Engineer: 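Handing you a structure now.
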Amino acid sequence: MNSAKAEPLPLVAVIMGSDSDLTTMKPAIEVLQKFGITVEVRILSAHRTPLEMVQFGEEAQAKGIKVIIAGAGGAAHLPGMIASLTAIPVIGVPVQSKALNGVDSMYSILQMPGGIPVATVAIGGGLNAGLLAAQILATADSNIYKQVAAYRQSLHQEVTTKDKKLVDLGVKNYMSQMHNT
Ligand code: RP5
């Protein structure tokens with residue numbers, strides 16, 4: 001008998017149009033895994049693999065996925081197309097493109113027609129997409145809620161520590177330490 005503990009089924013899917021989007025999406029994957037949330041990660045292109053994208057969108061709810069994070073760049077149709085295929089909440093991540101710095105990606109993801117929403121984060125906002133997905137899950141899971149609250153407390157601590165140091169050292173010394181680290 002295999003005594004290894006089976007990993008829980010993924011609650012969040014992180015999908016992207018290309019492996020070149022992975023760097024942008026990695027912070028979303030990492031923060032979700034840090035909270036103990038299992039993530040399914042896929043490359044699904046609205047333009048290059050449209051049938052696989054449709055299959056994923058149609059099967060996601062039955063698989064138990066609760067939130068989908070979709071990243072894409074340029075003519076970034078993946079988040080909107082996935083949102084059209086399933087009523088699972090979709091968080092769109094505009095990937096910074098070379099030609100237009102991600103403004104093209106942002107408008108492509110943001111300007112959805114009425115009835116089919118995509119919650120769009122900032123250009124390159126993988127981390128916030130992961131956190132938002134965790135916060136959606138936290139509405140029904142007090143353990144995840146506690147972890148998100150602890151994460152925020154760590155941000156608070158980081159800033160108050162910096163503030164104290166700035167007040168103690170003064171601007172000049174603080175900045176010279178900043179440049180040496
Ligand atoms: C989009 O085209 C992808 O999401 C990616 O951001 C962009 C460029 O893809 P590659 O040419 O790097 O594969 O579909």
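Note that the structure is predicted; figures quoted are calculated from it, not measured. Whatever order the structure lists ligands and atoms in, that order sets their numbers, starting from 1.
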Engineer: Where's the contact between Ser20 and ligand 1, heavy-atom distance under 4.0 Å: side chain, backbone, both or neither?
Structural biologist: side chain

Engineer: Arg48: heavy atom below 4.0 Å from ligand 1, yes or no?
Structural biologist: yes

Engineer: Before you tell me yes or no, could you show the steps for Lys63 and Leu9 under side chain to side chain contact (heavy atoms under 4.5 Å, CB included), namely the whole-Å CA-CA distance, both residues' side-chain angles and the distance that decides it to 0.1 Å?
Structural biologist: CA-CA 8 Å; Lys63 281 196 299 191; Leu9 288 172; over 6 Å; no

Engineer: Under 4.0 Å from any heavy atom of Ala72, which atoms of ligand 1 are there?
Structural biologist: 4 (O)

Engineer: Using the rule side-chain hydrogen bond (donor to acceptor under 3.5 Å, both in side chains), only one of Lys34, Gln33, Lys26 pairs with Glu30; which is it?
Structural biologist: Lys26

Engineer: Are the side chain of Ser105 and the backbone N or O of Ala76 linked by a donor-acceptor pair below 3.5 Å?
Structural biologist: no

Engineer: I need the single residue from Leu131, Val39, Thr38 that forms a side-chain contact (heavy atoms from CB on, under 4.5 Å) with Leu32. Which is it?
Structural biologist: Val39

Engineer: Of the choices Gly74, Gly73, Gly71, Gly102, which has the non-hydrogen atom that lies closest to atom 2 (O) of ligand 1?
Structural biologist: Gly73

Engineer: Out of Glu158, Lys164, Lys165, Gln157, which residue meets the side-chain contact (heavy atoms from CB on, under 4.5 Å) rule with Thr161?
Structural biologist: Gln157

Engineer: Among protein heavy atoms, which lies nearest atom 10 (P) of ligand 1, and at what distance?
Structural biologist: Ser18 OG, 3.4 Å

Engineer: Give me the nearest non-hydrogen protein atom to atom 5 (C) of ligand 1 as residue plus atom name, then the distance to 0.1 Å.
Structural biologist: Asp21 OD1, 3.2 Å

